[in-house]
2 protein chains.
Amino acid sequence: MNVIKQFFRSAFSVDSVIFGFDEGDLKVLLIYRGADPYKGTWALPGDLVRLDEDLDDSARRVLNELTGLTNVYMDQIHTFGKVERHPLGRVITVAYYSLVKVSDYKVNASSWAKDVKWHSISSIPKLPFDHNEILEYAKNKLKDKVRHQPIGFELLPKEFTLTDIQHLYESVFEIELDKRNFRKKLLAMGLLIDSGFSQNAVAHRPARLYRFDKKKYQSLIQKGFSFEL
Amino acid sequence: MNVIKQFFRSAFSVDSVIFGFDEGDLKVLLIYRGADPYKGTWALPGDLVRLDEDLDDSARRVLNELTGLTNVYMDQIHTFGKVERHPLGRVITVAYYSLVKVSDYKVNASSWAKDVKWHSISSIPKLPFDHNEILEYAKNKLKDKVRHQPIGFELLPKEFTLTDIQHLYESVFEIELDKRNFRKKLLAMGLLIDSGFSQNAVAHRPARLYRFDKKKYQSLIQKGFSFEL
DNA sequence: TTAGATTAGTGTATAAAATACAATAATTAA
DNA sequence: TTAATTATTGTATTTTATACACTAATCTAA
């Protein structure tokens with residue numbers, strides 16, 4: 001027991017890659033650090049995990065403090081534990097990503113963040129700690145996951161056009177997709193509900209608006225269906 | 001700084017799901033715990049991470065102490081961090097799996113293990129901590145990974161028959177595969193080298209022995225090839 | 001020595017899925 | 001009314017997946 005106590009001198013943190021999708025572009029929410037270490041740099045939001053707090057709860061808390069959102073899709077990415085990754089001591093960090101609807105809320109700077117801003121995935125600055133590496137892991141994880149589970153819809157408003165979702169997949173996959181083939185495949189799964197409405201006030205033919213059919217999806221996977229795009 | 005110190009009262013551990021493949025069956029290496037907590041139960045091998053030790057190194061050390069092996073395929077699974085998961089304090093554990101060739105070595109009981117034994121994946125006892133949950137995660141991770149990367153070969157001896165590898169995939173996927181179609185797909189990738197030798201001393205037609213062509217694989221992925229079975 | 005048991009090795013036809021590709025429709029702005 | 005812009009739709013071709021059964025090589029035991 002005594003010999004074991006020497007191990008209880010480390011801390012763990014959670015860091016969150018918060019993805020959003022806006023203006024046809026994949027974005028990440030970064031904070032401008034208001035406290036040391038690395039005060040005055042853009043970084044991934046994160047915090048030390050409290051001793052009486054489950055790991056996942058901690059990640060949810062960080063997200064909630066920053067955005068006010070609850071019930072957000074969230075997934076653990078990877079745990080980063082190099083000895084020297086944190087200047088204040090031995091801290092390993094468990095990285096999460098979450099998918100939010102940019103339109104749903106307004107970002108709040110929190111106690112530890114002086115500023116908060118969406119950054120396009122294509123212009124991410126140099127980040128402190130191992131945050132750039134974490135972000136790379138997050139992008140790859142998202143790329144894999146979005147192909148096999150219908151989580152892309154978490155990034156879109158409740159009603160969206162087929163073009164919206166195609167652009168979303170194109171930004172995540174970083175390739176262009178064929179419009180007709182994409183729609184064929186997507187619609188063939190029968191997971192979209194035609195809302196009956198269309199866009200308005202657009203300077204071109206308005207697109208139909210669809211919703212994702214969560215209930216249908218649940219019942220299909222029960223029967224062994226597997227999503228793939 | 002002072003307020004931060006209260007967080008440095010936790011520990012982290014690594015736990016390893018060590019997979020092997022023998023007698024046509026997927027196996028996991030479990031230790032019989034010689035020390036508290038949970039003394040006298042079968043469990044996943046693991047240890048507390050030293051303060052001056054990188055996370056991945058720690059996982060490699062655990063594996064090496066137990067098996068003497070180095071340079072083993074290893075992958076991080078997930079991090080488990082429920083507050084009450086460890087009776088001695090706040091310990092989160094980072095789970096890894098590794099793939100070893102059962103034939104390559106003899107298992108050694110280590111300082112913390114009274115006994116070590118391969119357990120068939122189909123008859124795993126109730127394990128302490130959240131180890132059964134970890135094992136479930138490991139199986140699923142392996143299932144996904146083995147389909148998209150040629151890591152199955154890590155579980156086989158250098159030379160193996162087509163039937164060996166089919167059985168390996170069948171145990172991991174938990175479904176039966178069609179012999180002709182499986183071989184067609186596997187051989188079509190051009191990643192197997194016919195060793196020129198066959199089994200001997202088998203009471204039936206001997207099967208040809210193949211090797212995995214690692215160099216060819218490296219050069220193919222350079223060209224954008226992606227493994228899939 | 002031979003018959004039986006056992007596993008290895010092989011090809012083709014059919015069905016399903018992926019891909020390549022371009023013309024017409026609906027709206028706004030000028 | 002015309003130009004600009006984006007939405008919507010189908011078919012033919014290629015590729016991939018699937019279903020399926022007989023012959024070959026070795027050992028064992030009678």
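Each chain gets a letter, A, B and so on, in the order the sequences are listed, and its residues count up from 1. Please read these numbers as outputs of a predicted model, since none were measured by experiment.
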Practice task
Scan A:Asp56, A:Val17, A:Leu44, A:Asp15 and name whichever one has a side-chain contact (heavy atoms from CB on, under 4.5 Å) with A:Tyr96.
Solution key: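 Option passing the side-chain contact (heavy atoms from CB on, under 4.5 Å) with A:Tyr96: A:Asp56.
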
Rounding to a whole Å, what distance do you find between [X]:[atom1] and [N]:[atom2]?
| X | N | atom1 | atom2 | value |
| --- | --- | --- | --- | --- |
| A:Asn200 | C:dT28 | CG | C1' | 13 Å |
| B:Lys185 | C:dA17 | NZ | C1' | 13 Å |
| A:Arg205 | C:dA26 | CZ | C1' | 5 Å |

Exercise for the section: Could you check B:Ala201 against B:Glu228 and say which one's nearest nucleotide on DNA chain D is further toward the 5' end? Expected result: B:Glu228

Practice task
Please tell me which of B:Leu209 and A:Pro206 maps to the more 5' nucleotide of DNA chain C, matching each residue to the nucleotide holding its nearest heavy atom.
Solution key: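 Checking each residue's closest nucleotide, the 5'-ward one belongs to B:Leu209.
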
Practice task
Measure the acute angle between the ring planes of B:Tyr137 and B:Phe80, then classify it against the limits of 30° and 60° as parallel, tilted or perpendicular.
Solution key: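 Correct class here is perpendicular.
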
Practice task
Specify whether B:Phe212 and B:Phe153 have parallel, tilted or perpendicular ring planes, treating 30° as the upper limit for parallel and 60° as the lower limit for perpendicular.
Solution key: parallel

Practice task
Could you check which of C:dG9, C:dA20, C:dT27 has an atom nearest any side-chain atom of A:Lys184?
Solution key: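 Per side-chain heavy atoms of A:Lys184, the pick is C:dA20.
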
Are [X] and [Y] close enough for a salt bridge, meaning some N to O gap below 4.0 Å?
| X | Y | answer |
| --- | --- | --- |
| B:Asp194 | B:Arg208 | yes |
| A:Asp130 | A:Arg85 | yes |
| B:Glu228 | B:Lys185 | no |

Exercise for the section: Under 4.0 Å from any atom of DNA chain D, heavy atoms only: list the residues of residues 158-182 of chain B that qualify, in numerical order. Expected result: B:Asp178, B:Arg180, B:Asn181

Practice task
Walk along DNA chain D from 5' to 3' and tell me the first and last nucleotide with an atom closer than 4.0 Å to a non-hydrogen atom of chain B.
Solution key: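 Counting from the 5' end, contacts occupy D:dA17 to D:dC27.
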
Exercise for the section: Could you check whether B:Arg208 gets within reach of a base, just the sugar-phosphate, or nothing at all, counting any heavy atom under 4.0 Å? Expected result: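 It contacts sugar-phosphate atoms only.
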
Handout entry: Non-hydrogen side-chain atoms of A:Phe19 and A:Val100 separated by less than 4.5 Å
Key =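 In short, these two side chains do not touch, never coming nearer than 4.5 Å.
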
Practice task
Answer with yes or no after comparing the ring centroid distance for A:Phe160 and A:Tyr210 against a 6.0 Å cut-off, counting only values under it.
Solution key: no

